[in-house]
Amino acid sequence: MNPIELSTRRCKPCTGQTPPLTPAEIRVFQALVPEWSLTDDGKRIVRSWRVKNFLVGLDFFRRIAELAENEDHHPDLHLVNYREVTVELWTHAVGGLTENDFIMAAKIDTLEVELKR
């Protein structure tokens, strides 16, 4: 599988019965979205951008929100210092990472965003 293929997949509904990915599975998926980092507890992936300005950040969040609604998988979104954007992904129902998180990361990576130069 490659990042493009991952970005064309659909998120699947998760329940409390869905197991989180193992550390080995996380390494495989993380290699497909190398801009995303694993948090210290190993339960989330995160990526940050320094966007051109506040409105660019808000528009980026709007487009991420559209993806999230279409996939029914919602990230945590953070905008601080008016242009520092951070997105965190994890599967709330399992308290850790699932394939859905990496699918969403790959989809978010396809979105263009104007960065601060």
Original post:
What pairs meet the ring-ring contact (aromatic ring centres under 6.0 Å, His included) rule with one or both residues in residues 78-103, with sequence neighbours excluded?
Top reply: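 Qualifying pairs, neighbours excluded: Phe29-Phe102, Trp90-His92.
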
Subject >> Partner set under ring pair (Phe, Tyr, Trp, His ring centres under 6.0 Å) for Phe61, not counting sequence neighbours >> reply: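 Once residues adjacent in sequence are excluded, Phe61 has no partner under the ring pair (Phe, Tyr, Trp, His ring centres under 6.0 Å) criterion.
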
**OP:** For the residue pair Asp101 and Trp36, confirm or rule out a side-chain donor-acceptor distance under 3.5 Å.
**Re:**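 No, no side-chain donor-acceptor pair sits under 3.5 Å.
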
With sequence neighbours left out, write down each residue that passes salt bridge (Lys or Arg N to Asp or Glu O under 4.0 Å) with [X], or none if nothing qualifies.
X	value
Arg63	Asp59
Arg44	Asp76, Glu88
Glu66	Arg62
Glu35	none

Does any non-hydrogen side-chain atom of [Y] lie less than 4.5 Å from one of [X]?
X	Y	answer
Ile64	Pro75	yes
Asn100	Cys14	yes
Ile108	Val33	no
Leu38	Gln30	yes

Applying side-chain contact (heavy atoms from CB on, under 4.5 Å), can you list everything that pairs with [X], at least two apart in sequence or on another chain?
X	value
Ser37	Val46
Asn81	Glu84
Arg27	Pro23, Ala24
Ile4	Asn2

Original post:
Please, which pairs that meet salt bridge (charged side-chain N to carboxylate O under 4.0 Å, His left out) have at least one residue in residues 2-25, sequence neighbours excluded?
Top reply: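 Only Arg9-Glu99, Arg10-Glu71 qualify under salt bridge (charged side-chain N to carboxylate O under 4.0 Å, His left out).
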
**OP:** Please answer whether the main-chain N or O of Ser7 pairs with a side-chain N or O of Lys107 as donor and acceptor at a distance below 3.5 Å.
**Re:**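 Here the side-chain-to-backbone pair exists.
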
Subject >> Under the side-chain hydrogen bond (donor to acceptor under 3.5 Å, both in side chains) test, residues paired with Asp41 that sit two or more places apart >> reply: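 Asp41 satisfies side-chain hydrogen bond (donor to acceptor under 3.5 Å, both in side chains) with Thr39 only.
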
